[in-house]
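Counting from 1, the numbers follow the sequence of the chain as shown. Both counts, for ligands and for their atoms, begin at 1 and track the order of listing.
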Amino acid sequence: MNQFNFYNPTKIIFGRDRFNELDHLVPKDAKVLVLYGGGSVKKFGTLDRVLAALPNREILEFGGIEANPRYETLMKAVDVVRAEKIDFLLAVGGGSVIDGTKFIALASYYDGDGLDLLRDRSITANLKQALPLAAVLTLAATGSEMNRGGVVSSPIGKLGFGNDLVFPKFSLVDPSLTFTLPETQVANGVVDTFVHVMEQYMTYPAEGRFQDRTSEGILKTLIEIGRATIDNPTDYDLRANLVWCATMGLNGLIGAGVPQDWATHRIGHELTALFGIDHAKTLAIIMPSLWNIMRDTKREKLLQYGERVLNITTGSEEDRIDQIIETTRQFFESLGIKTRLSDYGIGADQIDSILAALELHNMTALGERGEITLEISRKILEGAI
Ligand code: NZQ
Ligand code: ZN
């Protein structure tokens with residue numbers, strides 16, 4: 001097991017109908033900016049519940065943060081923060097609203113060009129000041145409610161950033177708020193969580209027994225409840241399990257002390273930026289093909305996952321790996337998520353543009369060993385057609 005620091009200061013307030021606790025969680029004297037997305041929180045009453053729970057405070061609203069939040073929109077919120085002297089941010093929404101709020105929290109204290117914070121991860125990671133923020137989660141997928149990272153769509157690409165200062169102070173995680181999600185967003189949540197676990201698991205053995213078995217537990221749970229929670233959208237316990245898997249899948253716990261990959265995400269972000277495909281769907285396209293191309297370096301962990309999670313134990317190693325990749329692809333498809341570029345109208349003629357974007361963003365040595373060069377990314381994309 002490798003050396004690691006583990007730090008996660010976010011308080012999770014989990015369960016149904018706990019809005020009344022917002023009053024003591026949000027500082028009494030704060031001037032609060034409540035941020036949200038395209039309107040689902042208005043339509044389904046969540047925003048009203050948040051506002052009702054915060055009486056006797058100065059509160060402003062900022063709506064319209066897009067899915068895959070746009071830099072230009074977030075910088076408008078930064079203007080509001082500065083002009084109004086806001087001192088607490090409350091995100092109400094899914095990963096996009098929470099990520100956007102994290103960016104605003106950092107950018108509000110940054111005097112240079114806001115794009116620097118996306119252009120150079122080290123600038124962002126070293127910022128010493130950010131506005132405090134918290135979240136009311138309405139979509140379980142990204143883990144953003146309990147982590148230090150975010151992803152923003154900008155003129156220079158869809159790019160990630162991170163800083164300990166943007167761990168939410170608390171997140172209200174009420175699984176029943178996700179009951180109103182369309183089926184495809186629930187399926188996205190299952191797949192995004194599954195792939196987050198895989199990015200921290202499907203590498204090479206590193207004696208991380210706790211990390212491996214915790215990851216395998218999350219993966220098994222997702223396979224068990226994935227379809228069921230889509231089919232039974234108001235079953236609280238099914239949804240509660242999905243939500244908790246999503247939070248624990250990307251809060252630092254299972255990735256501590258073990259090698260991590262993240263190539264599927266990096267390539268996936270280019271697909272979202274170029275073609276507007278939902279984040280989770282890009283992952284379902286890339287990961288099976290990536291495993292196929294990288295099957296030698298991932299061999300031991302592929303076989304371990306096959307045995308411990310999928311019960312695939314017979315046949316030659318090559319046969320088992322074929323079965324493991326196919327079974328995983330079928331799991332995604334069974335949730336209604338298509339796993340081929342061609343399913344989204346993307347053909348071989350567009351691969352060059354994806355590779356050019358990867359090159360522009362210095363994504364030329366991806367994976368747990370930096371072995372995924374542009375040439376290997378090309379093979380992965382060709383295999384994903
Ligand atoms: O905008 P509104 O109207 O609110 O609608 C949203 C949006 O259209 C809707 N929605 C959210 N909660 C709802 C709901 N509709 C009905 N009922 C509800 N309760 O769902 C749509 C998608 O929302 P979004 O926030 O975009 O989804 P998600 O949570 O999947 O977030 C995706 C973003 O997070 C980034 C992705 O790249 C993408 O930009 N990620 C963030 C990570 C992190 N911070 O650690 C890691 C991830 O790998 C990921 O990259
Ligand atoms: Zn993701």
Side-chain angles (χ1 to χ4, degrees), residues 8 10 35-47 49 62-71 73-74 91-103 118 133 135-154 157-163 166-168 171 173-200 233-234 239 242-243 246-247 249-252 255 260-273 276-284 286-287 337:
N8 195 313
T10 300
L35 303 108
Y36 51 90
S40 71
V41 297
K42 280 194 168 164
K43 185 169 168 195
F44 299 113
T46 308
L47 183 64
R49 292 173 75 184
F62 186 92
I65 297 178
E66 308 83 359
N68 308 305
R70 287 182 52 228
Y71 171 79
T73 307
L74 305 177
V92 185
S96 293
V97 175
I98 304 173
D99 284 10
T101 301
K102 290 175 175 176
F103 185 82
L118 299 173
L133 67 106
V136 174
L137 184 72
T138 65
L139 191 169
T142 64
S144 190
E145 66 278 11
M146 200 181 181
N147 70 35
R148 65 192 291 285
V151 188
V152 168
S153 298
S154 80
K158 186 176 183 211
L159 297 166
F161 63 91
N163 186 308
V166 296
F167 275 110
S171 286
V173 179
D174 177 344
S176 71
L177 297 180
T178 71
F179 289 176
T180 54
L181 283 165
E183 273 195 19
T184 191
Q185 291 296 347
V186 182
N188 281 350
V190 176
V191 170
D192 196 18
T193 303
F194 196 91
V195 177
H196 291 159
V197 174
M198 285 301 185
E199 299 276 29
Q200 301 164 88
T234 58
R239 200 52 65 85
L242 170 58
V243 171
T247 304
L250 194 51
N251 68 353
Q260 303 191 14
D261 181 342
W262 297 103
T264 293
H265 269 70
R266 296 276 149 67
I267 302 172
H269 288 333
E270 304 301 358
L271 298 180
T272 300
I277 304 172
D278 286 354
H279 171 64
K281 296 185 173 85
T282 69
L283 310 176
I286 299 298
M287 197 180 70
I337 303 261

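No hydrogens or angles considered: a donor-acceptor pair under 3.5 Å links the side chains of Thr178 and Arg239. Side-chain contact of Asn251 with Asn8: a donor-acceptor pair under 3.5 Å is absent, judged by distance alone. Side-chain atoms of Asn68 and His279 include no donor-acceptor pair closer than 3.5 Å. Between the side chains of Lys281 and Thr272, no donor N or O sits under 3.5 Å from an acceptor N or O. Side-chain contact check for Glu66 and Ser96: no donor-acceptor pair (N or O, by modelled atom type) lies under 3.5 Å.
Closest protein heavy atom to atom 1 (O) of ligand 1: Gly38 N, 2.7 Å. The protein heavy-atom contact nearest to atom 21 (C) of ligand 1 is Gln185 NE2, 3.6 Å. Of all protein heavy atoms, the one closest to atom 14 (C) of ligand 1 is Leu181 CD2, 3.3 Å. Among all protein heavy atoms, the one lying closest to atom 49 (C) of ligand 1 is His279 NE2, 3.3 Å. In this structure, atom 45 (O) of ligand 1 lies nearest to the protein heavy atom Asn147 ND2, 2.9 Å. For atom 38 (C) of ligand 1, the nearest non-hydrogen atom of the protein is Asn68 OD1, 3.4 Å. Nearest to atom 37 (O) of ligand 1 among the protein's heavy atoms is Lys158 NZ, 2.6 Å.
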Could you give me the CA-CA distance, side-chain angles and deciding distance for Arg148 and Thr10, then say whether side chain to side chain contact (heavy atoms under 4.5 Å, CB included) is met?
CA-CA 10 Å; Arg148 65 192 291 285; Thr10 300; over 6 Å; no
Walk me through it: do Ile98 and Thr142 pass the test side chain to side chain contact (heavy atoms under 4.5 Å, CB included)?
CA-CA 10 Å; Ile98 304 173; Thr142 64; 5.8 Å; no
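Contact annotation: for Lys43 versus ligand 1, there are no heavy atoms closer than 4.0 Å. The proximity of Leu250 to ligand 1, defined as any non-hydrogen pair under 4.0 Å, is limited to the side chain. Heavy atoms of Phe179 found under 4.0 angstrom from ligand 1: none, in either backbone or side chain.
With Asp261 as the fixed residue, the side-chain contact (heavy atoms from CB on, under 4.5 Å) test singles out one of Glu199, Met287, Arg266: Glu199. The only member of Leu74, Leu133, Ile65 that meets side-chain contact (heavy atoms from CB on, under 4.5 Å) when paired with Leu35 is Ile65.
Scanning Ser96, Gly150, Ala141, Gly149 for the heavy atom closest to atom 25 (O) of ligand 1 points to Ser96. Taking only non-hydrogen atoms, the option from Thr46, Asp99, Thr142 nearest to atom 44 (N) of ligand 1 is Asp99. Proximity annotation for atom 4 (O) of ligand 1: of Ala67, Ser40, Gly37, Ser40 comes nearest, heavy atoms only.
Under the side chain to side chain donor-acceptor pair (under 3.5 Å) criterion, Gln200 pairs with no residue at all, not counting sequence neighbours.
Polar contact check, Lys102 against ligand 1: no nitrogen or oxygen pair lies under 3.5 Å apart. Considering both main-chain and side-chain atoms, Leu139 never comes within under 3.5 Å of ligand 1 through any nitrogen or oxygen pair. At a 3.5 angstrom cut-off on N or O pairs, Gly95 counts as close to ligand 1. Considering backbone and side-chain N/O atoms, Leu177 comes within less than 3.5 Å of an N/O atom of ligand 1. Polar contact check, Trp262 against ligand 1: no nitrogen or oxygen pair lies under 3.5 Å apart.
The closest side-chain heavy-atom distance from His265 to Asp192 is below 4.5 Å. Side-chain contact between Arg49 and Thr46 is absent, with no heavy-atom pair separated by less than 4.5 Å. Within the 4.5 Å cutoff, the side chain of Lys158 has no heavy atoms near those of the Val152 side chain.
With the Zn ion (ligand 2) at the apex, His265 NE2 and His196 NE2 define an angle of roughly 90° (rounded to 10 degrees).
For ligand 1, the atoms lying closer than 4.0 Å to a non-hydrogen atom of Ser144 are 44 (N). Those atoms of ligand 1 with a heavy atom of Thr180 less than 4.0 angstrom away are 16 (C), 17 (N), 18 (C), 19 (N). Of all atoms in ligand 1, numbered sequentially from 1 with element shown, those under 4.0 Å from a heavy atom of Thr138 are 11 (C), 12 (N), 13 (C), 18 (C), 19 (N). Those atoms of ligand 1 that come under 4.0 Å of a heavy atom in His265, given as number and element, are 48 (O). Per-residue contacts place His269 under 4.0 angstrom from the following atoms of ligand 1 (heavy atoms of the residue considered): 37 (O), 50 (O). If you number the atoms of ligand 1 from 1 as listed, the ones under 4.0 Å from a heavy atom of His196 come out as 46 (C), 47 (C), 48 (O).
Between Tyr71 and Phe103, the ring planes are perpendicular. Angles over 60° get that label, and only those under 30° would be called parallel.
In terms of distance to the Zn ion (ligand 2), the nearest N, O or S atom of Asp192 is named OD1.
Ser171 places a side-chain N or O within donor-acceptor distance of the main-chain N or O of Glu145, the cut-off being under 3.5 Å. Checked by atom type and distance alone, the side chain of Asn147 pairs as donor or acceptor with a backbone atom of Leu250 at under 3.5 Å.
Checking atom 8 (O) of ligand 1 against the protein gives no heavy-atom contact under 4.0 Å.
Proximity of Gly39 to ligand 1 is established by a heavy-atom distance of less than 4.0 Å.
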